[in-house]
Visitor: 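This is the structure I want to talk about, given as structure tokens.
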Amino acid sequence: MKLKTETAAPIAVGNGGDISKAVTAGDYRTLTLSATEIASSIIAARFRLSPCMARLVCELAQLGGRLA
């Protein structure tokens, strides 16, 4: 899981004299799914298998690649 932070660009308020941040910084997490996790979730849903069994099927069929 990666953590990503974004802030808004400064904007002019009023007649252009004051510059402030319109939105405060927001921290949110982004999930990074591997190809094997995506393939196993599709197989589990399609064939009504448990997630563990779907991962095993993906590994045996060499779906989603492997870590070196």
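The figures here come from the full heavy-atom set of this structure, side chains too, leaving out hydrogens, waters and symmetry mates. As the structure is a prediction and not an experimental result, all values here were calculated from the model.
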Visitor: Clusters formed by hydrophobic residues whose side-chain heavy atoms approach within less than 4.5 Å: which one holds Leu33, and what are its other members?
Guide: Ile38, Ile42
Visitor: Please list every donor-acceptor pair under 3.5 Å in which a side-chain atom of residues 47-56 meets a protein atom from a residue at least two apart or in another chain.
Guide:
residue, atom, partner, partner atom, Å
Ser50, OG, Met53, N, 3.2

Visitor: If you look at every heavy atom in Leu63 and Ile43, which pair is closest and at what distance?
Guide: CD1-CD1, 3.7 Å
